[in-house]
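Working notes, structure below.
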Amino acid sequence: MRSSQLFGKTLRQAPADAENISHKLLVRAGFIQQIAAGIFSLQPLGNRSITKIRNIIREEMDRVGGQEINMPVVQPRSLWEESGRADTFVPPLARFQDKRERDMVIAPTHEETATVMARAGVTSYRDLPFTIYQIQTKFRDETRPRGGLLRVREFEMKDAYSFDADEEGMDRSFQAMVTAYKRIFKRCGLDVVMVEADSGGIGGKDSNEFVLLTESGEDTILMSTESDYAANGEKASFIKKAFPIGELGEVEEFATPNIKTIEELAKAEDVSKSKTAKAVFYSVNDEIVVVTIRGDYDVNETKLRNVLGGAEPRLATPEEVKAAGLVSGSASAVGLTGMKSVVDDSITMGSNYLAGANKEGFHLRNVNLDRDFKADIIADIAEAKKGYLSPDGKGKLVAKRGIEVGHVFKLGTVYSSKMGANFTDEDGEQKDVMMGCYGIGVGRLLAAAVESNNDDFGMVLPQAIAPYAVYLAGLNLNDSDISDKAEQLYEALQSAGYDVLFDDRDIPAGVKFKDADLIGIPVRIVISSRSLENGGVEVKARTSKDSEIVAESDVLTSVKKLLV
RNA sequence: CGGGGCGUGGCGCAGUGGUAGCGCACCCGCUUUGGGAGCGGGGGGCCGCAGGUUCGAGUCCUGCCGCCCCGACCA
């Protein structure tokens, strides 16, 4: 490609809207153009990078036996009623009615259609296993898109779905995908870690995220200092401090004027926060739920949602708390009836707690679970934090930020059972298909790659995903000797199989260098009167500071050393 | 959805009631050619939208829309 023909201009200044490095650089380099919040067009350079990423993904999916398919973006809402996600998917499904007033949705993900595909295509265990995948547009009406391509509403995702006869098969399919994912990210120049994750709106039991650790990430990742334990903050667990359980004391009420928080209560009584039972009130499906957790821990709302069966909890408003007859600042589960009680298991690792008396200005001593208040659910709903003990007993947790670039799920039969995707096994029995699903955000992957590969001058893209492998700049092109040689080099490099961007523009050298750096092309070749005087052409890697002079006849050899 | 900020040429910005400007980019000419060149000339604006106040509104008032950031939320 000749720069003089290339559509798209580089910008000296990034739009004021852009804040992330990747957002700024992708816009400045002419890769992407914003159309609306979280909605982008790809310009030629950006499209080339994305195409390369897609192809890497395809190769690795095919390598582990994936078969490419394509499913519709527009789907009848009834399909989502079958799976039960029509009203529960968060963010809300984008919906519209077609001409005949039939309810339609714009797909945010494709488990339903994939299950339908399997439902029709699988009747016998002999049809299993198989894995299908697509690279397809999704739309999620995110509450808050942000960071250029990092979090968008319309986006392209590679989504794969595996179908197996039994759990062992599903595990094998899952492992194959994990292998493929690791190769994909490595080839794209991303150093990712696989962490345990919450499966959220997709469902299923186990899920893992592939995360690029970087400060600009929006997820919190907790990792052990001494083992390979790593988990998203939504999922992370830890070993809770346990205290000896003494004899249960008598409950006694005492006055606590002006004490509203656990901190104040612990301080006033001169005890550790772990001697207090904290009550937090949530609104879940318009009902108040009381959550009790030991005062030294906080509630993890994702875990809470999961123990509540998937309904989204939200902190009750002061009005709701009051309406429920509760005394904020002095509340506890003691004596409460008619509302669901969830208790974190930390409460069972101690006794004789300080807790609210449900009476303005009073608290209670020696409060104990079962005797003084009930639990409908006892579970781990505590938020892991840095410094806590790793759940495997090895080391402490540290907190990092990360960008989720891939997510793999063991779905089991959550979709197949609801949607009737079953088969007859060897014994003639009817069984639900065991599924897995596996996603990679394609645009996000590019953004993540830029986030982790840049310097003061621009992107530093690995050859695998750079729009071009070689930037060939001819200077003093009015000199026919130089322009002839530049043309010859352009031909030769292309014949050798390299993607070459030939800067044939009649502009100052500095502009060409700036553009080459900004776009992040791995190898830059300069041919000029100066280089010829020095005995050839200049070859420079984007990653190195200095260039080397190479005889014209040796250019291909020299480039070959820097590229594959 | 709560809090904050911003909407003026492709991009960055100035303009607090009186003829819409600057830098970059763009077009023409000449001079230039190793890190975003110099000189000269030129084109491009429903100042987000609607209503209002005023002799007069980019500027003041009201409403709406859009975008960004923080939070909430987030396969």
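Every chain is numbered from 1, with letters handed out A, B, ... down the list of sequences.
No contact: A:Y438 has no heavy atom under 4.0 Å from any strand. Contacts of A:D159 with the nucleic acid, taken as non-hydrogen atoms under 4.0 Å apart, are absent. Within 4.0 Å of A:S207, counting heavy atoms only, lies no atom of the nucleic acid at all. Using a 4.0 Å heavy-atom cutoff across all strands shown, A:L477 reaches no nucleic acid atom at all. The residue A:K9 sits close only to the backbone: its heavy atoms come under 4.0 Å of sugar-phosphate atoms, none of a base. Residue A:S529 is classed as having no contact, given no heavy-atom separation below 4.0 Å to the nucleic acid. Residue contacts shown for A:D219 are absent, as no nucleic acid heavy atom lies under 4.0 Å away.
Taking the C1' atoms as reference points, B:G10 lies 26 Å from B:U32, given to the whole Å. The C1' atoms of B:U16 and B:A25 are separated by 30 Å, rounded to the nearest whole Å. Here, B:G58 and B:A14 have their C1' atoms 12 Å apart, quoted to the whole Å. Look at the P atom in both B:C26 and B:C64: the space between them is 42 Å, to the nearest Å. Nucleotides B:G63 and B:G23 are separated by 38 Å at their P atoms, to the nearest Å. Rounded to a whole angstrom, the distance from the P atom of B:U8 to that of B:G3 is 24 Å. B:C69 sits 33 Å from B:C27 when the P atoms are compared, rounded to a whole Å. To the nearest whole angstrom, the two C1' atoms, one in B:G17 and one in B:U53, are 12 Å apart.
Looking at residues two or more places apart in sequence or on another chain, you find no side chain to side chain donor-acceptor pair (under 3.5 Å) involving A:Y468. Not a single ring-ring contact (aromatic ring centres under 6.0 Å, His included) links A:Y282 to another residue, sequence neighbours left out. Residues meeting the ring-ring contact (aromatic ring centres under 6.0 Å, His included) test with A:Y161, sequence neighbours left out: none. For A:H110, the ring-ring contact (aromatic ring centres under 6.0 Å, His included) test picks out no residue, with sequence neighbours left out.
When the side-chain nitrogen and oxygen atoms of A:R305 are compared with OP1 and OP2 of B:C74, one or more of them lie within a distance under 4.0 Å.
Nearest to the side chain of A:P15, among B:G35, B:U33, B:G12, sits B:G12.
Summarising the geometry, the separation between CG on A:D503 and P on B:G35 is reported as 15 Å, rounded to the nearest angstrom. A:E404 has its CD atom 9 Å from the C1' atom of B:C74, to the nearest Å. Distance A:L475 CG to B:U32 C1': 13 Å, rounded to the nearest Å. A:L304 has its CG atom 17 Å from the C1' atom of B:C74, to the nearest Å.
Between A:F163 and A:F130, the ring-plane angle classifies as parallel under the 30° and 60° cut-offs. Note on ring orientation: taking the six-membered ring where Trp is involved, the planes of A:F409 and A:H407 are parallel (angle under 30°, cut-offs 30° and 60°).
Identified under the ring-ring contact (aromatic ring centres under 6.0 Å, His included) test for residues 501-522 of chain A, with sequence neighbours left out: A:Y490-A:F502.
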With the sugar-phosphate defined as primed atoms, P, OP1 and OP2, and the base as all remaining atoms, what B/S/- string results for nucleotides 68-73 of chain B, 5' to 3', for protein heavy atoms under 4.0 Å? SBBBBB
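In this model, no side-chain donor or acceptor of A:R530 finds a partner on the base of B:G35 within 3.5 Å.
Side-chain contact between A:P44 and A:L6: present, with at least one pair of heavy atoms (C-beta onward) separated by less than 4.5 Å.
Residue whose closest nucleotide on RNA chain B sits further toward the 5' end, between A:P508 and A:S547: A:S547. Mapping A:Q13 and A:F457 onto RNA chain B by nearest heavy atom places A:Q13 at the nucleotide closer to the 5' end.
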